[in-house]
Amino acid sequence: MSILQILEFPDPRLRKIAEPVSVFDEKLEVLIEDMLETMYEAEGIGLAATQVDVHKRLLIIDVSENRDSPQVFINPEIKILEDELSEYDEGCLSVPGFYETVSRPRMVKITAQDAKGEKFEQTAEDILATCIQHEIDHLDGKLFVDYLSILKRQRIRSKLQKELNKSA
Ligand code: GNR
Ligand code: NI
């Protein structure tokens, strides 16, 4: 297993639109294992393939307290089940150190495939619903900072750009 490098905003590769997964092979299983290891090491509750520069429609989530209940969603689609929104202070491993409140639909239905290509359906509420929407946004080249004011986004961008320049 290996820890993968997580891209950081404003890296343009975070804006790529991921392609559907069509082959469910050993290589995919290895990618999933590496993404899980990377997510746990970074102490995130989710990770989208886009964040590790793999532009495939694949995301993983673990919102459990004990960090022992990973969920894998491949080619996920969501349907909003309620008009009600919920607000969370969102963070992102690709936007390190920044947390801002974002509103999203509170309850969604997800259809996706598992690592074997088997289709499944699941409803999600609250933090799980938020996290899945946040991860699907990554697959579509979107980041939570896109929901903030331009001013806030520019401030975050210039602070992170300075950090990236320092380490370059
Ligand atoms: O670790 C994460 N925490 C989080 C908190 C609130 C809403 C969304 C998230 S996802 C984030 C990990 C990440 O960046 N996934 O893409
Ligand atoms: Ni994120």
Side-chain angles (χ1 to χ4, degrees), residues 2-21 28 31-78 80-82 84-110 112 115 122-149 152-157 159-161 163-164:
S2 27
I3 306 275
L4 306 171
Q5 197 199 334
I6 298 175
L7 301 177
E8 292 182 6
F9 176 69
D11 193 309
R13 290 171 290 182
L14 288 168
R15 298 306 188 178
K16 290 195 191 179
I17 309 233
E19 299 282 348
V21 172
L28 183 68
L31 173 62
I32 292 167
E33 286 306 314
D34 288 348
M35 283 177 60
L36 286 169
E37 198 185 359
T38 303
M39 176 182 73
Y40 288 126
E41 203 251 355
E43 296 182 1
I45 60 171
L47 188 69
T50 306
Q51 292 176 278
V52 295
D53 202 19
V54 175
H55 302 282
K56 295 269 167 62
R57 304 195 75 83
L58 157 65
L59 62 91
I60 57 170
I61 287 183
D62 189 343
V63 292
S64 71
E65 199 91 337
N66 295 330
R67 319 287 292 140
D68 59 0
S69 306
Q71 290 180 274
V72 177
F73 298 91
I74 300 172
N75 300 327
E77 312 241 5
I78 53 168
I80 295 164
L81 292 183
E82 269 185 10
E84 203 184 330
L85 301 176
S86 64
E87 284 191 341
Y88 277 97
D89 270 349
E90 293 199 19
C92 181
L93 296 173
S94 296
V95 190
F98 294 89
Y99 300 86
E100 296 287 346
T101 307
V102 177
S103 295
R104 301 183 189 265
R106 196 190 76 82
M107 198 190 245
V108 296
K109 186 172 91 179
I110 307 127
Q122 188 181 332
T123 61
E125 299 175 59
D126 302 314
I127 187 67
L128 181 59
T130 289
C131 191
I132 285 175
Q133 292 173 75
H134 173 117
E135 304 311 338
I136 291 177
D137 273 356
H138 277 302
L139 303 182
D140 292 325
K142 275 196 240 157
L143 295 167
F144 85 92
V145 296
D146 299 345
Y147 297 101
L148 310 178
S149 67
K152 268 191 182 162
R153 184 162 59 254
Q154 295 293 9
R155 274 202 199 122
I156 294 172
R157 175 198 287 272
K159 283 185 189 157
L160 285 175
Q161 187 63 61
E163 289 302 313
L164 287 171

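Numbering of ligands and ligand atoms starts at 1, following listing order.
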Spacing of [X] atom [atom1] and [Y] atom [atom2] [to the nearest 0.5 Å]:
X     : Y      : atom1 : atom2 : value
Glu87 : Thr101 : CD    : OG1   : 6.0 Å
Ile6  : Asp53  : CD1   : CG    : 12.0 Å
Ile61 : Met39  : CD1   : CE    : 8.5 Å

Using non-hydrogen atoms of the residue, decide whether Leu59 is closer than 4.0 angstrom to ligand 1.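 For ligand 1, residue contact (heavy atoms, under 4.0 Å) with Leu59 is absent.
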Less than 3.5 Å between some nitrogen or oxygen of Gln51 and one of ligand 1, yes or no?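 The answer is yes, given that Gln51 and ligand 1 share an N or O pair closer than 3.5 Å.
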Examine the proximity of ligand 1 to [X] and report which part, side chain or backbone, both or neither, has a heavy atom under 4.0 Å away.
X      : value
His134 : side chain
Asp89  : backbone
Met39  : neither

Numbering the atoms of ligand 1 from 1, which are under 4.0 Å from a heavy atom of His138?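 The atoms of ligand 1 under 4.0 Å from a heavy atom of His138 are 16 (O).
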Against heavy atoms of Gly44, which atoms of ligand 1 measure under 4.0 Å?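 With Gly44 as reference, the close atoms of ligand 1 come out as 1 (O).
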In the protein, which heavy atom is nearest to [atom], and how far is it?
atom                    : value
atom 16 (O) of ligand 1 : Glu135 OE1, 2.6 Å
atom 13 (C) of ligand 1 : Gly46 O, 3.4 Å
atom 7 (C) of ligand 1  : Glu90 CG, 3.5 Å
atom 3 (N) of ligand 1  : Ile45 CG1, 3.4 Å
atom 14 (O) of ligand 1 : Leu93 N, 2.8 Å
atom 5 (C) of ligand 1  : Gly91 N, 3.8 Å

Looking at His134, which of its N, O or S atoms is the nearest one to the Ni ion (ligand 2)?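 Sorting the N, O and S atoms of His134 by distance to the Ni ion (ligand 2) puts NE2 first.
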Given side chain to side chain contact (heavy atoms under 4.5 Å, CB included), test Phe73 with Glu135 step by step and report yes or no. CA-CA 10 Å; Phe73 298 91; Glu135 304 311 338; over 6 Å; no
Sole candidate of Arg155, Lys152, Arg153 that passes salt bridge (charged side-chain N to carboxylate O under 4.0 Å, His left out) when paired with Glu100: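 Going through the options one by one, the only one that passes is Lys152.
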Can any side-chain N or O of [X] pair as donor or acceptor with the backbone N or O of [Y] at less than 3.5 Å?
X      : Y      : result
Asn75  : Val21  : yes
Glu125 : Met107 : no
Gln161 : Pro10  : no

Any side-chain heavy-atom pair of Glu90 and Thr130 under 4.5 Å: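 Yes, close enough: below the 4.5 Å cut-off.
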Checking side-chain polar atoms at under 3.5 Å, does Ser94 have a donor or acceptor matched by the opposite partner on Gln51?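 Yes, side-chain donor-acceptor contact under 3.5 Å.
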To the nearest 10°, what's the angle at the Ni ion (ligand 2) between atoms SG (Cys92) and NE2 (His138)?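 For SG of Cys92 and NE2 of His138, the angle centred on the Ni ion (ligand 2) reads 100°.
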